[in-house]
2 protein chains.
Amino acid sequence: MKLTTKGRYAVLALTEIALSEDKNLIKISEIAKSQNISSTYLEQILSNLKRNGFVKAVRGPNGGYKLALKAEDIIMSDVIELIEGKIETKGCSQKHISCTGISGKCLNHDLWDELGKQINLFLSHISLKDILEGNILGRSRAPILPQDCDNMTIN
Amino acid sequence: MKLTTKGRYAVLALTEIALSEDKNLIKISEIAKSQNISSTYLEQILSNLKRNGFVKAVRGPNGGYKLALKAEDIIMSDVIELIEGKIETKGCSQKHISCTGISGKCLNHDLWDELGKQINLFLSHISLKDILEGNILGRSRAPILPQDCDNMTIN
DNA sequence: TATTTCTTGACAAAACTAGTCAAGAATTAT
DNA sequence: ATAATTCTTGACTAGTTTTGTCAAGAAATA
């Protein structure tokens with residue numbers, strides 16, 4: 001599990017691209033200047049977003065980037081997974097051996113699995129449109145209490 | 001935001017220590033062997049947990065570690081924050097300058113702030129006791145929908 | 001045809017992770 | 001007291017990852 005500048009720059013760039021939709025195209029250099037990011041570093045990130053269908057590029061004079069999808073269809077969990085890789089955590093250090101501690105059972109996998117699920121669940125409910133509209137604050141939620149679990153199906 | 005082996009080893013070690021509570025003390029070498037972790041590396045982690053009041057150490061023959069708190073009072077958000085540092089993410093790359101993009105407003109801070117909040121909220125509801133009892137799976141929750149936010153107070 | 005802009009891949013400094021190692025301090029058993 | 005055991009602390013290090021830079025090239029347009 002990690003979140004580096006690369007993931008943040010990706011969202012930042014998408015936001016800037018979306019905000020320029022009226023002008024149709026925005027250049028890497030414009031995003032880089034506006035956000036104080038190295039433009040050569042941004043190239044890598046945008047190139048990746050392009051290869052995976054989030055944005056489209058136009059070369060040549062007056063070229064630049066635009067969104068390839070509608071803002072509401074650009075989901076943060078997809079973007080972050082593309083740029084940062086899958087959010088996954090192993091609960092114990094066993095690599096090939098089956099994972100059993102003194103207890104005879106690894107009690108830790110569940111924690112990290114569920115945390116990963118929680119992060120993904122959160123990000124999968126947030127689109128670029130939500131960001132543009134400032135619809136983010138106050139959305140996090142406490143987990144379900146154990147006593148509540150009994151009568152529930154697990155997703 | 002990050003989660004490394006150090007954080008996972010910490011939880012793993014706490015679990016092993018808790019499971020040995022009947023024997024009262026467990027040695028670093030026992031945990032290391034049982035979980036296939038370098039014992040010299042574990043030393044650093046347990047030393048840190050000790051300095052911060054999560055476990056107690058007894059030196060000398062038949063020495064070892066035990067919990068300094070009840071399992072239900074060892075909260076995962078505290079443990080992870082101690083070992084990994086604060087879960088915090090900056091939404092943009094501006095360092096000293098006030099954070100304004102083309103939009104005149106940074107639309108990204110909210111996303112990372114809220115994600116950090118979500119992670120902390122999740123981990124703050126999970127104690128070592130929950131882990132020992134296997135009470136973790138199925139606890140993650142979808143975020144609150146934007147339209148639901150209007151009538152709610154933000155925590 | 002020249003200029004602009006994206007494209008790709010190689011390269012590299014700095015920071016971080018995941019350890020190792022060694023000297024020492026405290027405790028207990030003998 | 002002494003030896004053995006166990007934790008304590010801090011310095012050190014190899015390897016990986018992050019965060020970039022750089023250069024050569026391809027596509028589009030004026």
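Residue numbers begin at 1 in each chain, while the letters A, B, ... track the order of the sequences.
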Test side-chain contact (heavy atoms from CB on, under 4.5 Å) applied to Arg139(A) and Ile126(A), step by step: CA-CA 10 Å; Arg139(A) 299 188 64 174; Ile126(A) 293 176; 4.0 Å; yes

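- Closest approach to the Tyr41(B) side chain among dT9(D), dT18(D), dG19(C) is made by dG19(C) (side chain taken as heavy atoms from C-beta onward).
- The separation between Leu46(A) atom CG and dT7(C) atom P is 9 Å, rounded to whole Å.
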What side-chain donor-acceptor pairs closer than 3.5 Å can you find for residues 45-53 of chain A, not counting sequence neighbours?
unit_1: Ser47(A); atom_1: OG; unit_2: Arg51(A); atom_2: NH1; d: 3.0
unit_1: Asn48(A); atom_1: OD1; unit_2: Asn52(A); atom_2: ND2; d: 3.0
unit_1: Asn52(A); atom_1: ND2; unit_2: Asn48(A); atom_2: O; d: 2.9

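- Take Asp73(A) and apply the side-chain hydrogen bond (donor to acceptor under 3.5 Å, both in side chains) test, not counting sequence neighbours, and it matches no residue.
- As rounded to whole Å, 16 Å separates atom P of dT8(C) from atom CG of Leu42(A).
- Between Thr4(A) and dT19(D) there is a side-chain N or O to OP1 or OP2 distance below 4.0 Å.
- In the region residues 55-71 of chain B, proximity to DNA chain C at under 4.0 angstrom, judged on heavy atoms, holds for Arg59(B), Gly60(B), Pro61(B).
- Ile83(B) has its CD1 atom 17 Å from the P atom of dC16(C), to the nearest Å.
- One can place NZ of Lys2(A) at 13 Å from C1' of dT19(D), the figure rounded to the nearest angstrom.
- Listed by chain and number, the hydrophobic cluster partners of Leu25(A) are Val58(A), where partners are ILVMFWY side chains within reach of under 4.5 Å, directly or through others.
- Closest to the Ser38(B) side chain, of the nucleotides dA10(C), dG19(C), dT9(D), is dG19(C).
- For the pair Thr5(B) and dT17(C), the criterion of a side-chain N or O lying under 4.0 Å from OP1 or OP2 is not met.
- Phosphate proximity of dC21(C) to Thr40(B): absent, as no side-chain N or O sits under 4.0 Å from OP1 or OP2.
- Looking at residues two or more places apart in sequence or on another chain, you find no side-chain hydrogen bond (donor to acceptor under 3.5 Å, both in side chains) involving Lys56(A).
- As rounded to whole Å, 13 Å separates atom P of dT17(D) from atom CD of Glu84(A).
- Rounded to an integer number of Å, the gap from Leu49(B) CG to dT8(D) C1' is 14 Å.
- Put simply, NZ on Lys6(B) is 10 Å from P on dG19(C), counting in whole angstrom units.
- In terms of position along DNA chain D, the nucleotide closest to Lys27(B) lies nearer the 5' end than the nucleotide closest to the other residue of the pair Lys27(B) and Arg51(B).
- Side-chain proximity of Tyr9(B) to the nucleotides dG20(D), dT8(C), dG19(C) is greatest for dG19(C).
- The base of dT21(D) is paired with the side chain of Gln44(A) by a donor and an acceptor separated by under 3.5 Å.
- If you measure from atom CD of Glu43(B) to atom C1' of dT6(D), you get 9 Å, rounded to the nearest angstrom.
- Thr40(B) pairs by the side-chain hydrogen bond (donor to acceptor under 3.5 Å, both in side chains) definition with Ser38(B), not counting sequence neighbours.
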From CA spacing to verdict: side-chain hydrogen bond (donor to acceptor under 3.5 Å, both in side chains), Ser140(B), Glu114(A): CA-CA 6 Å; Ser140(B) 55; Glu114(A) 198 67 31; 2.8 Å; yes

